[in-house]
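First the structure, in the form of structure tokens, and then the observations on it.
Both backbone and side-chain heavy atoms feed into the values below; hydrogens, waters and symmetry mates do not.
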Amino acid sequence: MNTTARVFSIFHELNKIPRPSHHEERVADYLCQFAERLHLEYERDQENCVVIRKPATPGHENAEPIVLLNHMDMVCVGMNDPLNDPIETYEEDGWMKARGTSLGADNGIGLSMALAVLEDDSIVHPALEVITTTNEEDGMSGASQLGKDFLKGRKVINLDSEDYNTITTGAAGACLQFHRIPMKREPASTDISNWCRIRIEGGLGGHSGVDINKGRCSAVIPARIILSAICHESGMVVSDIQIGEANASIASKGEMVIGCPSDEASKFVVNQVESLNQQLHSEYGSTDPHITCCIEPCKKPETILPIEAVQALTICLEKVPQGVVKMSETMVGTVETSNNIGRISAAEDHLFVSTHTRSFIDANMETLSKSIAHIFTSANSQSELVMSAPAWQEDQQSPFLQLVSTTFQDVLGWRPRMVAMHFVLEAGFFVQHYPGIQIASIGPRIVEPHSASERVELSTIGDIWQVLLELLKRLA
């Protein structure tokens with residue numbers, strides 16, 4: 001077949017299966033059934049990672065085996081119920097998009113390519129191991145727990161890349177932490193009769209790695225400003241806080257429920273929102289033109305948050321870095337270290353905050369993440385290290401990477417850049433688990449991953465598909 005028709009049909013099959021991080025069981029089932037239908041050997045581990053093995057094309061059995069790497073989970077943005085809400089795709093002006101939700105091209109397109117290769121016996125290739133990991137987007141527990149015998153190959157084509165013109169040869173390390181400020185909810189006082197909901201919406205959001213240097217306004221910023229103002233006004237209370245949608249995304253929206261003890265206090269809140277909108281327009285009008293705060297009356301809730309816990313939260317939010325911390329001195333235009341506050345939420349017995357720290361220098365990542373944990377600990381918070389993934393760098397002059405580059409040149413007529421990117425990839429864990437492994441990361445052009453604006457350029461899917469087929473043939 002050797003066309004992208006099957007790639008697209010597999011992608012649409014995948015998009016019928018809910019696959020948020022931590023809930024990949026049904027996708028793993030699909031992959032195992034896919035292997036069984038093709039009578040291919042497969043293995044599934046305790047984390048639901050799946051590897052499917054296909055023998056080399058006859059006559060190429062002596063070639064070194066090749067690994068095709070993808071992950072099966074996606075960041076679900078714009079979905080009220082990610083386990084049931086459908087992804088409705090459409091094509092427009094040469095792009096595939098989704099209506100109101102994230103698309104799942106990260107990493108569904110790469111996975112669809114790998115499965116299409118397994119299915120098509122006309123494609124020439126060495127022995128293949130198609131490995132699909134779980135929870136890549138929210139902790140990388142799948143990659144971190146891989147068994148040392150799960151893979152045999154030591155050359156990896158990672159199809160989880162969004163930068164079409166690039167071979168990704170390195171990625172920042174990342175540290176994901178959860179912080180919980182303990183509290184005990186209190187009954188809402190009958191003395192407070194004016195209740196309102198403040199909604200922050202319209203933010204572009206985006207990937208907290210590749211988009212962190214684009215000057216976008218995280219919803220955390222206006223939320224912090226409002227909460228700080230309320231904490232300094234006597235008698236005002238907060239009943240609920242829900243900011244952000246995913247730990248690995250720049251928060252695009254959020255809402256808070258506020259109680260005002262008087263009409264004068266209500267006017268104060270309205271004035272704060274109006275002033276904040278002017279500030280957002282002034283500071284982020286060019287980078288985030290649609291972000292806004294709005295206020296509406298709401299019903300009286302049953303409970304409120306202790307003001308001491310809200311104050312502790314605002315102090316932490318004021319101290320924790322948000323965005324770019326340092327640009328690289330050796331990689332021009334590349335972020336070296338950053339931090340993103342992904343989610344804030346009020347639970348029954350604690351206020352929750354997630355922080356995602358990234359750096360190309362592991363020591364700097366560790367220092368910054370420990371500093372952030374200390375800020376929360378000082379506020380009587382409990383900090384949990386959820387994931388720490390090492391940075392990864394390949395030798396760009398290695399014969400393997402040069403072969404990948406030459407294949408682009410011969411197939412598409414141009415050589416891709418070789419760069420390290422400020423997002424975390426599972427490659428660091430693979431380097432730890434499998435000594436001597438080499439990894440090249442390629443993929444079609446995917447714009448605004450981890451957001452409802454996610455889209456993939458259709459022509460680049462066909463280009464990467466042709467590069468992949470030729471690369472497999474040469475490796476055979």
His281 atom NE2, over 12 foreign heavy atoms within 6.0 Å
no

Quick one about Ser21 and Asp73 (side-chain donor to acceptor, distance below 3.5 Å, no hydrogens or angles considered), yes or no?
yes

Flag the pair Arg53 and Glu129 as a salt bridge only when some basic side-chain nitrogen lies within less than 4.0 angstrom of an acidic carboxylate oxygen.
yes

Over all heavy atoms of both residues, which pair between Ala171 and Phe423 is shortest? Give the atoms and the distance, please.
CB-O, 3.1 Å

May I have all residue pairs that pass salt bridge (charged side-chain N to carboxylate O under 4.0 Å, His left out) and include part of residues 15-29, sequence neighbours excluded?
Asp29-Arg44

Glu92 and Arg455: CA distance, side-chain angles, deciding distance, salt bridge (charged side-chain N to carboxylate O under 4.0 Å, His left out) verdict
CA-CA 10 Å; Glu92 181 179 69; Arg455 56 198 183 275; over 6 Å; no

Parallel, tilted or perpendicular: which fits the ring planes of Tyr434 and Phe430, with parallel below 30° and perpendicular above 60°?
tilted

Tell me whether the rings of His422 and Phe360 are parallel (<30°), tilted (30 to 60°) or perpendicular (>60°).
tilted

Worked check of side chain to side chain donor-acceptor pair (under 3.5 Å) between Asn15 and Glu13:
CA-CA 5 Å; Asn15 271 1; Glu13 289 174 15; over 6 Å; no

Electrostatic pair Asp163-Arg445, nearest N-O below 4.0 angstrom:
no

Inter-residue atom distance Gln242.CD - Ile200.CD1, 0.5 Å rounding
12.0 Å

Modelled atom types, side-chain donor and acceptor of Ser228 and Glu318, under 3.5 Å:
yes

Does Asp349, at its CG atom, have more than 12 non-hydrogen atoms belonging to other residues, nucleotides or ligands within less than 6.0 Å?
yes

Using distance alone, with no hydrogens and no angle criterion, decide if Asn135 and Ser141 have a side-chain donor and acceptor under 3.5 Å apart.
yes

When you check the side-chain N and O atoms of His71 and Thr133, is any donor under 3.5 Å from an acceptor?
no

To the nearest 0.5 Å, tell me how far His290 NE2 sits from Leu204 CG.
7.0 Å

Assess the side chains of Thr357 and Asn339: does a donor N or O sit below 3.5 Å from an acceptor N or O?
yes

For Gly342 and Ala251 the tightest heavy-atom approach is O-CB, 3.9 Å

In terms of side-chain geometry, is the basic nitrogen of Glu245 or Lys253 positioned less than 4.0 Å from the acidic oxygen of its partner?
yes

Around atom NE2 of His12, are there more than 12 heavy atoms from other residues, nucleotides or ligands closer than 6.0 Å?
yes

On a heavy-atom basis, which atom in Ala373 and which in Gln177 lie closest, and how many Å separate them?
CB-OE1, 3.5 Å

Using 4.0 Å as the upper bound for N to carboxylate O, is an ion pair formed by Glu348 and Arg180?
no

Could you tell me whether Arg99 sits above the aromatic face of Tyr90, with NZ or CZ closer than 6.0 angstrom to the six-membered ring centre and within 45 degrees of the axis?
yes

What pair of heavy atoms forms the shortest contact from Leu368 to Val325, and how long is it?
CD2-CG2, 3.9 Å

Closer than 4.0 angstrom, basic N to acidic O: yes or no for Lys54 and Asp121?
yes

For atom NZ of Lys184, is the number of surrounding heavy atoms from other residues, nucleotides or ligands below 6.0 Å larger than 12?
no

Could you tell me which non-hydrogen atom of Ile250 sits nearest to which non-hydrogen atom of His207, and how far apart they are?
CD1-O, 3.8 Å

Looking only at heavy atoms, what is the nearest atom pair of Thr337 and Ser359, with distance?
OG1-OG, 2.9 Å

For residues 300-314, which side-chain N or O atoms pair as donor and acceptor with protein atoms under 3.5 Å away, sequence neighbours left out?
from, atom 1, to, atom 2, distance (Å)
Thr303, OG1, Arg185, NH1, 3.1
Thr314, OG1, Val310, O, 3.4
Thr314, OG1, Gln311, O, 2.7

Looking only at side-chain N and O atoms, does His450 offer a donor or acceptor that is under 3.5 Å from a partner on Glu137?
yes

Just verifying a value: how many Å separate Asp240 CG and Cys298 SG, rounded to the nearest 0.5 Å?
10.0 Å

